[in-house]
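Below, chain A is the first sequence line, B the second, and so on; all start at residue 1. All figures in this text were calculated on a predicted structure; none of them were measured in a lab.
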Protein chains: 2
Amino acid sequence: MPRKVDHESRRRALAEAVCALAAERGAEAVTLRDVAARAGVSMGAVQRAFATRDDMLVFALEHVGERVMTRVRAKRVRPGHGSPLATLANELALLNKARRAEAAVWLAFVAQAAFTPRLSKVLRGSYRELLGAIATALDAEEALALLALADGLTLHVLVGQLTPARAKKILDAHLSRLADEREQSSTTV
Amino acid sequence: MPRKVDHESRRRALAEAVCALAAERGAEAVTLRDVAARAGVSMGAVQRAFATRDDMLVFALEHVGERVMTRVRAKRVRPGHGSPLATLANELALLNKARRAEAAVWLAFVAQAAFTPRLSKVLRGSYRELLGAIATALDAEEALALLALADGLTLHVLVGQLTPARAKKILDAHLSRLADEREQSSTTV
DNA sequence: GTTGTTCCGATGCATCCGCATCGTATCAAC
DNA sequence: GTTGATACGATGCGGATGCATCGGAACAAC
């Protein structure tokens with residue numbers, strides 16, 4: 001009976017606006033009015049889509065998490081293959097210049113999550129899934145180390161401490177070291 | 001002629017208050033009033049010490065940077081010694097539970113720095129000095145990787161994705177791998 | 001075309017923010 | 001004790017924010 005509006009896609013569109021703003025100014029600085037303006041709707045529409053600002057941020061974080069995971073799944077690691085792992089790792093580190101915006105979003109949310117349990121819970125869910133994808137090719141501890149290194153590199157790139165190229169070089173060095181070790185252990189045993 | 005007040009120590013005391021609040025709620029959420037209240041002075045005193053809120057944050061970041069570097073310098077790495085390097089790395093990763101607060105401050109500022117050039121400049125200065133300390137024992141690229149890994153681990157601990165113990169284990173594994181490689185290359189060459 | 005329901009733009013409100021201002025307290029110099 | 005400079009607590013202001021409210025627009029059902 002009512003006017004039909006696809007709630008879910010509306011929320012996704014708003015989440016995109018949230019991400020764009022978070023990448024520019026950080027998650028904390030995202031306001032309802034700005035989101036509305038960026039998405040080209042009024043504040044009322046935003047308020048209808050999300051009961052509260054916190055809900056909006058949580059949804060946006062889940063949204064980016066799903067997007068990243070979709071990409072990762074598309075390049076799912078096959079055990080024993082070094083190359084797909086490298087591809088995946090580069091995906092994770094978000095080092096391509098094109099993905100710098102997404103990396104900024106990621107940092108904005110991680111930073112906020114450290115002080116907001118609701119967000120950190122969402123984030124841990126994403127990480128768990130990500131680790132699952134990596135762990136098919138590596139043991140758990142190696143996977144955790146790889147993830148931490150990728151995140152650390154991303155962070156240094158965002159702060160301007162590292163160029164993307166240099167970060168990629170470091171990441172590749174780590175990966176080839178892993179590959180060497182696996183080869184060595186498989187031949188010696 | 002005037003009433004004497006040690007400006008520098010006053011600012012340091014305020015910086016401590018800033019850090020305490022940043023560790024609890026993030027750097028963005030630090031307000032002048034809260035800082036004044038936490039430090040037990042009035043807003044006027046805070047305003048006298050710092051011309052602007054941004055100045056206050058920058059000073060606070062410099063303050064923690066100096067504190068960390070003081071600790072690091074005390075455990076300065078000696079070339080060829082594996083153990084001091086391990087000590088240093090553990091110092092860096094801020095993994096001790098006692099230093100969790102400091103790690104939170106660090107993240108709060110790093111997150112803010114990604115969107116605030118003034119802060120990122122200060123941060124890069126600290127990182128540069130830190131790298132100099134590590135690079136006496138490692139080549140530049142290994143040092144960068146170690147720093148990134150340490151930061152990534154700290155981050156995952158703060159988000160609750162990793163326990164401090166597990167992070168330390170991963171860091172130690174990385175360090176021993178580095179030590180192995182150095183030994184290997186020095187014996188084979 | 002009327003009705004019923006959903007959607008949403010506009011507006012109001014209480015709160016909090018950073019910053020400016022001002023009057024008073026404090027203390028050294030003379 | 002007077003003077004002069006500094007420190008600082010109190011207060012005000014303009015602006016922004018999250019959230020609540022409300023009236024009308026849009027549209028399906030009949």
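As a whole-Å value, the separation of A:F50 CZ from D:dG18 P is 14 Å. Taking atom CD on A:E28 and atom C1' on D:dA16, their separation rounds to 14 Å, with Å as the unit. Nucleotide C:dC7 holds its P atom 13 Å from the CD atom of A:E8, rounded to whole Å. Remark: C1' of C:dG18 and CG of B:L57 are 12 Å apart, rounded to the nearest angstrom. The interatomic distance linking A:M43 (CE) with C:dA10 (P) rounds to 12 Å, in whole Å. Here the P atom of nucleotide D:dA25 and the CZ atom of A:R48 are 17 Å apart, to the nearest Å. A:R33 has its CZ atom 18 Å from the P atom of C:dC8, to the nearest Å.
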Side chain to side chain contact (heavy atoms under 4.5 Å, CB included) assessment of A:L178 paired with B:R177: CA-CA 10 Å; A:L178 278 182; B:R177 195 154 43 200; 4.0 Å; yes

Steps toward side chain to side chain contact (heavy atoms under 4.5 Å, CB included) verdict (A:E16, A:R38): CA-CA 9 Å; A:E16 292 295 335; A:R38 177 67 67 112; over 6 Å; no

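Side-chain atoms of A:T116 do not come within 3.5 Å of backbone N or O of A:A113 as any donor-acceptor pair.
Dashed line: the shortest gap from a side-chain N or O of B:R10 to OP1 or OP2 of D:dC8 is under 4.0 Å. Look at B:T52 and you won't find any side-chain N or O under 4.0 angstrom from OP1 or OP2 of C:dG18.
Here the nucleotide nearest the side chain of B:Q47, chosen from D:dC8, C:dC8, C:dC19, is C:dC19. When distances are taken from the side chain of B:T31 to each of C:dC8, C:dC17, D:dG18, the shortest belongs to C:dC17. When distances run from any side-chain atom of A:S42 to the nucleotides C:dC8, D:dT17, C:dG18, the shortest one goes to C:dC8. When distances run from any side-chain atom of B:L32 to the nucleotides C:dC8, C:dG18, C:dG9, the shortest one goes to C:dG18.
Salt-bridge formation is not detected for the pair B:E66/B:R12: no Lys NZ or Arg NE/NH1/NH2 atom is positioned less than 4.0 Å from an Asp or Glu carboxylate oxygen.
If you check every strand for non-hydrogen atoms under 4.0 Å, B:V35 touches nothing. Residue-level contact check: B:V46 touches neither bases nor backbone, having no heavy atom under 4.0 Å from any strand. As judged by a 4.0 angstrom heavy-atom cut-off over every strand, A:R53 is placed among residues touching the sugar-phosphate backbone only.
Shown here for B:A103 and B:L158, the closest heavy-atom pair between the two residues is O-CD1, 3.5 Å.
In this structure, B:G40 and A:D34 both approach DNA chain D, and ranking their closest nucleotides by distance from the 5' end singles out B:G40.
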